[in-house]
Amino acid sequence: MATQGAIVVDKERCKGCGVCVVNCPTEAIALSHEVNGKGYNFLSLVNPEKCIGCANCATVCPDSVITVYRVKI
Amino acid sequence: MDINEIIKPENKVYGKTPILKDNILHYCPGCSHGVVHKIIAEVIEEMGIQDKTIGISPVGCSVFAYNYLDIDWQQAAHGRAPALATATKRLMPDKYVFTYQGDGDLASIGTAEVMHACNRGENIVIIFINNAIYGMTGGQMAPTTLLGQVTATTPYGRKAELNGYPLKITELIAQLEGTCYVTRQSVQNPAAVRKTKKAIRKAFENSMMKKGTSFVEVVSTCNSGWKVPPVQANKWMEENMFPFYPLGDMKDR
Ligand SMILES: Cc1ncc(C[n+]2csc(CCOP(=O)(O)OP(=O)(O)O)c2C)c(N)n1
Ligand code: SF4
Ligand code: SF4
Ligand code: SF4
Ligand SMILES: [Mg+2]
């Protein structure tokens, strides 16, 4: 069964380390060109239609920045 | 499907555990310490033992672990966490007691403490963050630093003639009669995180079964000390640390 996912990034907590990006199987996410209050290029869901809600990104995030949502379609 | 139709409480599948406080971690971007803190917090939440768990924080980057997990804590003198854990567990045997220690803390200044606590078979959990360096003090060589590895105190790479050999302390601990569970894990991808979580949960469960000491090493990165960016640090760890520090259970009884 296919799933559609979405993530919410607590951008002020994000440190732009990028370990989530390389663990996303669908290239749904990337570091933003903008920076947060600490000067970090925070994570952004750049291709929302690609997110399957697998939570890989959130699982490896050291700063617990990402909340994951998923629905069956 | 519109993203706002997905982002609803009933569709939430993963988020920050309430055992983690809202304080922003002081660790460098991408540091393994944050992932391991989160795993411990999730295990405590899933086991429902928040009011029964006492952590002992070390000296090292994770000295401030007590700022992040909403449980009871003590902070030990450098390397002495296993001694403090011994006393705590003996006085309060109904509590889950764990130490959280770096490789400088556990395998250098605290070698005697950890060896004897494990040899006595104290019913505690020891979580050992091996990033092959002294992160907190600026990236000096640790006993666990690999041969050839460049650090602030081995600028031309660690040499056995001058600096001795990297210490596989976990293998030594596995030989001690007092330990019941000794394993080496990592946290660089989702599968590794899940395995580490299983290992830490088993270690916590063991500590209530009077089986002896459970010891979980997590091969980790210190991207600031290693002077490589976080993603490359994980790669460097896989290529250089894993061959010398192979992952898996060493003992489980
Ligand atoms: C008695 C004493 N000796 C030395 C130090 C300096 N010191 C602070 S942290 C540390 C080592 C930390 O390395 P590690 O345990 O590997 O932790 P990491 O920061 O890498 O997580 C040292 C030597 C100290 N604080 N106290
Ligand atoms: S892993 Fe976490 S902190 Fe690092 S870039 Fe991704 S969301 Fe930000
Ligand atoms: S939930 Fe999965 S698919 Fe969606 S952004 Fe995270 S890793 Fe990528
Ligand atoms: S110095 Fe190393 S161990 Fe310490 S927070 Fe930074 S990356 Fe982590
Ligand atoms: Mg260290």
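Any value given below was found using the heavy atoms of this structure, including those in side chains, with hydrogens, waters and symmetry copies removed. In the text below, chain A, chain B and the rest are named by the order of the sequence lines, each starting its count at 1.
Checking side-chain atoms of B/Lys8 against main-chain N and O of A/Tyr69 turns up no donor-acceptor pair under 3.5 Å. A side-chain donor-acceptor contact under 3.5 Å links A/Arg13 to the backbone of B/Asp22.
Taking non-hydrogen atoms and a 4.5 Å limit, the residue list of residues 221-228 of chain B in contact with chain A is empty.
Contacts of B/Asp2 with chain A are absent, with no heavy-atom separation under 4.5 Å from either backbone or side chain. With a threshold of 4.5 angstrom between heavy atoms, A/Lys38 approaches chain B through side-chain atoms but not through N, CA, C or O. For chain B, the nearby part of A/Ala55 is the side chain; its heavy atoms alone come within less than 4.5 Å. Of the atoms belonging to A/Glu12, it is backbone heavy atoms, and not side-chain ones, that fall under 4.5 Å from chain B. The part of B/Leu20 that comes within reach of chain A is its side chain, from C-beta onward, which places non-hydrogen atoms under 4.5 angstrom from that chain. Proximity to chain A (any heavy atom under 4.5 Å) is restricted, for B/Asn234, to the side chain, taken from C-beta onward. Of the two parts of A/Val19, the backbone and the side chain both hold a non-hydrogen atom closer than 4.5 Å to a non-hydrogen atom of chain B. Heavy-atom distances place the backbone of B/Gln188, and not its side chain, under 4.5 Å from chain A.
B/Leu25 and A/Pro62 get closest at one heavy-atom pair: CD1-O, 3.2 Å. Across all non-hydrogen atoms, the minimal contact from B/Ile6 to A/Gly5 is CD1-O, 3.8 Å. Smallest separation of non-hydrogen atoms from B/Val35 and A/Thr59: CG1-O, 4.3 Å. Contact record, B/Pro190 with A/Asn23: CD-OD1, 3.4 Å, taken as the closest heavy-atom pair.
Around atom NZ of A/Lys50, more than 12 heavy atoms belonging to other residues, nucleotides or ligands sit under 6.0 Å away. Within 6.0 Å of CD in A/Glu27 there are 12 or fewer heavy atoms belonging to other residues, nucleotides or ligands. The 12-atom threshold is exceeded at OH of B/Tyr66, counting heavy atoms of other residues, nucleotides or ligands nearer than 6.0 Å.
When each of B/Ser32, B/Cys31, B/Gly30, B/Cys28 is checked for heavy-atom pairs under 4.5 Å with chain A, B/Gly30 comes out on top.
Atom-to-atom distance recorded for B/Tyr14:OH and A/Cys57:SG is 9.5 Å, nearest 0.5 angstrom. In this structure, CD1 in A/Ile66 is found 14.0 Å from NZ in B/Lys16, a value given to the nearest 0.5 Å. Within the model, atoms SG of A/Cys61 and NZ of B/Lys38 stand 5.5 Å from one another, a figure rounded to the nearest 0.5 Å. The distance from atom CD1 of B/Ile24 to atom SG of A/Cys14, rounded to the nearest 0.5 Å, is 10.5 Å. For the atom pair OH of B/Tyr68 and CG of A/Asp63, the computed distance is 9.5 Å after rounding to the nearest 0.5 Å.
A heavy-atom distance below 4.5 Å is not found between the side chains of B/Val187 and A/Val60. Annotation: side chain of A/Arg70 is in contact with side chain of B/Val13 (closest heavy-atom distance under 4.5 Å). Residues A/Val71 and B/Glu5 fail the side-chain proximity criterion, which asks for heavy atoms closer than 4.5 Å. Side-chain contact between A/Leu45 and B/Ile3: present, with at least one pair of heavy atoms (C-beta onward) separated by less than 4.5 Å. Side chains of B/Pro29 and A/Tyr40 form a contact here, defined as non-hydrogen atoms less than 4.5 Å apart. Under the 4.5 Å side-chain criterion, counting only non-hydrogen atoms from C-beta, A/Thr67 is in contact with B/Lys12.
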